[in-house]
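Have a look at the structure below, then the notes.
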Amino acid sequence: MDMAKVVILGAGHVGSMCALNLARLGICREIVLIDIVEGKADAQAKDVADATVFMNRMPIVREGSYQDCDDADIIVNAVGVSRKPGQTRLDMLDVTIDIMKDVTARLNQTAFDGYFISISNPCDVVVNYAREQLPKNRIFGTGTLLDTARLRLTLHQLTGVSANSIECFAMGEHGDSSMVAMSQITFMGKPLAQLQQEKPQIFGK
């Protein structure tokens, strides 16, 4: 199977980091960045392209347009605005949905037939909106994956146990209503509740 062509919508901090990590993983033949701010996608693409000379594989990394979505295997949706101090993810809803109206309208004018992965906030609401506008069986969101990563890192920092030996997950909406399934947390295969009894000095309540 050929390596994927990935189009990233939004060349801000998140979108450009996605591009860099995709290049580092060596799983793409081409990475295309699109942004409404003139010159931004081009600048970020050139930075990532410079870094590829030190990688095992060198994908094409460049600025593009919505025409590039015609033959894209995957679109990563990273459009939106940064949260200001005191804002919640839901506070960004109106602005993000306005942007998504433009994004989905443009995509529906292309021949895109791949997978659409959204990481824009508020994540679950944006994904649901995209499913109403695009073929819903190919729309995915990152959900609480970031919450789970932060949880695992926090547990590692609190206990000193390798993050690779910790199993845990957050569930629900990626936002203030997400929750941690405490009964499912394990360290080196042992449930947290058991370790709280065996080693309260480390795993105490």
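Excluded from the calculations below are hydrogen atoms, water molecules and symmetry mates; all remaining heavy atoms, backbone and side chain alike, are included.
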With sequence neighbours left out, which residue pairs that include part of residues 177-202 fulfil the salt bridge (Lys or Arg N to Asp or Glu O under 4.0 Å) condition?
K190-E198
Exam field: side chain D35 to backbone A41, donor-acceptor pair closer than 3.5 Å
no
Side chains of Q196 and L192, heavy atoms from C-beta outward: is any pair under 4.5 Å?
yes
Heavy-atom pair with the smallest gap, counting every atom of S120 and T96:
CB-CG2, 4.5 Å
Does atom CD of Q194 have more than 12 heavy-atom neighbours, drawn from other residues, nucleotides or ligands, at distances under 6.0 Å?
yes
hydrophobic_cluster_shared for Y66 and L134, side chain cutoff 4.5 Å
yes
Only one of V126, V79, I36 passes side-chain contact (heavy atoms from CB on, under 4.5 Å) with I99, and that residue is V79
Scanning both residues in full, the closest heavy-atom pair of S178 with T144 reads CB-CG2, 4.3 Å
What's the separation between atom CG in D124 and atom OG1 in T142, rounded to the nearest 0.5 Å?
8.0 Å
Would you say H174 and D147 are linked by a side-chain donor-acceptor pair, where the criterion is simply a distance under 3.5 Å?
yes
Please tabulate, for side-chain N and O atoms in residues 103-110, each donor-acceptor pair with protein atoms closer than 3.5 Å (sequence neighbours left out).
{"from": "T104", "atom 1": "OG1", "to": "M100", "atom 2": "O", "distance (Å)": "2.9"}
{"from": "T104", "atom 1": "OG1", "to": "K101", "atom 2": "O", "distance (Å)": "3.3"}
{"from": "R106", "atom 1": "NE", "to": "D102", "atom 2": "OD1", "distance (Å)": "3.2"}
{"from": "R106", "atom 1": "NE", "to": "D102", "atom 2": "OD2", "distance (Å)": "2.9"}
{"from": "N108", "atom 1": "ND2", "to": "T104", "atom 2": "O", "distance (Å)": "3.1"}
{"from": "N108", "atom 1": "ND2", "to": "Q133", "atom 2": "O", "distance (Å)": "3.3"}
{"from": "T110", "atom 1": "OG1", "to": "L107", "atom 2": "O", "distance (Å)": "2.7"}
{"from": "T110", "atom 1": "OG1", "to": "F112", "atom 2": "N", "distance (Å)": "3.2"}

Do the side chains of C168 and V180 get nearer than 4.5 Å, heavy atoms only?
no
Backbone of A170 reached by a side-chain donor or acceptor of T148 within 3.5 Å
yes
Roughly how far, to the nearest 0.5 Å, is the CD1 atom of I8 from the CE atom of M17?
11.0 Å
Give the minimum heavy-atom separation between A23 and I31, together with the two atoms involved.
N-CD1, 3.7 Å
In chain order, what residues pass the ring-ring contact (aromatic ring centres under 6.0 Å, His included) check against F187, with sequence neighbours excluded?
F203
Taking atom CD of E132 as the centre, report whether more than 12 heavy atoms of other residues, nucleotides or ligands fall under 6.0 Å from it.
yes
Please output the side-chain donor-acceptor pairs of residues 152-165 that fall under 3.5 Å, not counting sequence neighbours, one pair per line with the distance.
{"from": "R152", "atom 1": "NE", "to": "I166", "atom 2": "O", "distance (Å)": "3.2"}
{"from": "R152", "atom 1": "NH2", "to": "I166", "atom 2": "O", "distance (Å)": "3.3"}
{"from": "T154", "atom 1": "OG1", "to": "R150", "atom 2": "O", "distance (Å)": "2.9"}
{"from": "H156", "atom 1": "ND1", "to": "V161", "atom 2": "O", "distance (Å)": "2.7"}
{"from": "T159", "atom 1": "OG1", "to": "L155", "atom 2": "O", "distance (Å)": "2.7"}
{"from": "T159", "atom 1": "OG1", "to": "V161", "atom 2": "N", "distance (Å)": "3.2"}
{"from": "S162", "atom 1": "OG", "to": "N164", "atom 2": "N", "distance (Å)": "3.2"}

Could you tell me if R138 sits above the aromatic ring of Y115, with its cationic atom closer than 6.0 Å to the ring centre and no more than 45 degrees from the axis?
yes
Applying a strict under-4.5 Å side-chain criterion to I, L, V, M, F, W and Y, I'd like to know whether M3 and I74 cluster together.
no
Compute whether any side-chain donor of one residue and acceptor of the other, for R131 and N128, lie under 3.5 angstrom apart.
no
Side-chain heavy-atom pair I75, L9 within 4.5 angstrom cut-off
yes
Mind checking whether L25 and L33 sit in one hydrophobic cluster, side chains of I, L, V, M, F, W, Y counted as touching below 4.5 Å?
yes
For the pair I27 and L22, evaluate side chain to side chain contact (heavy atoms under 4.5 Å, CB included) and give the outcome as yes or no after the intermediate values.
CA-CA 7 Å; I27 58 175; L22 285 169; 4.0 Å; yes
Please set out all donor-acceptor pairs under 3.5 angstrom arising from side-chain atoms of residues 45-61, sequence neighbours excluded.
{"from": "K46", "atom 1": "NZ", "to": "D42", "atom 2": "OD2", "distance (Å)": "3.1"}
{"from": "T52", "atom 1": "OG1", "to": "A49", "atom 2": "O", "distance (Å)": "2.6"}
{"from": "R57", "atom 1": "NH1", "to": "G26", "atom 2": "O", "distance (Å)": "2.9"}

Which pair of non-hydrogen atoms, one from C123 and one from S118, has the smallest distance, and what is that distance?
SG-O, 3.9 Å
Checking D68 now: which residues fulfil salt bridge (charged side-chain N to carboxylate O under 4.0 Å, His left out) with it, not counting sequence neighbours?
K5, R62
Taking C-beta and beyond as the side chain, do I119 and V76 meet within less than 4.5 Å on heavy atoms?
yes
Verify same cluster id: I185, M171 (apolar side-chain graph, 4.5 Å)
no
If hydrophobic clusters are built from ILVMFWY residues whose side chains come within less than 4.5 Å, do V7 and F140 share one?
no
Please name the pair of heavy atoms, one in D70 and one in A111, separated by the smallest distance, quoted to 0.1 Å.
OD1-N, 2.8 Å
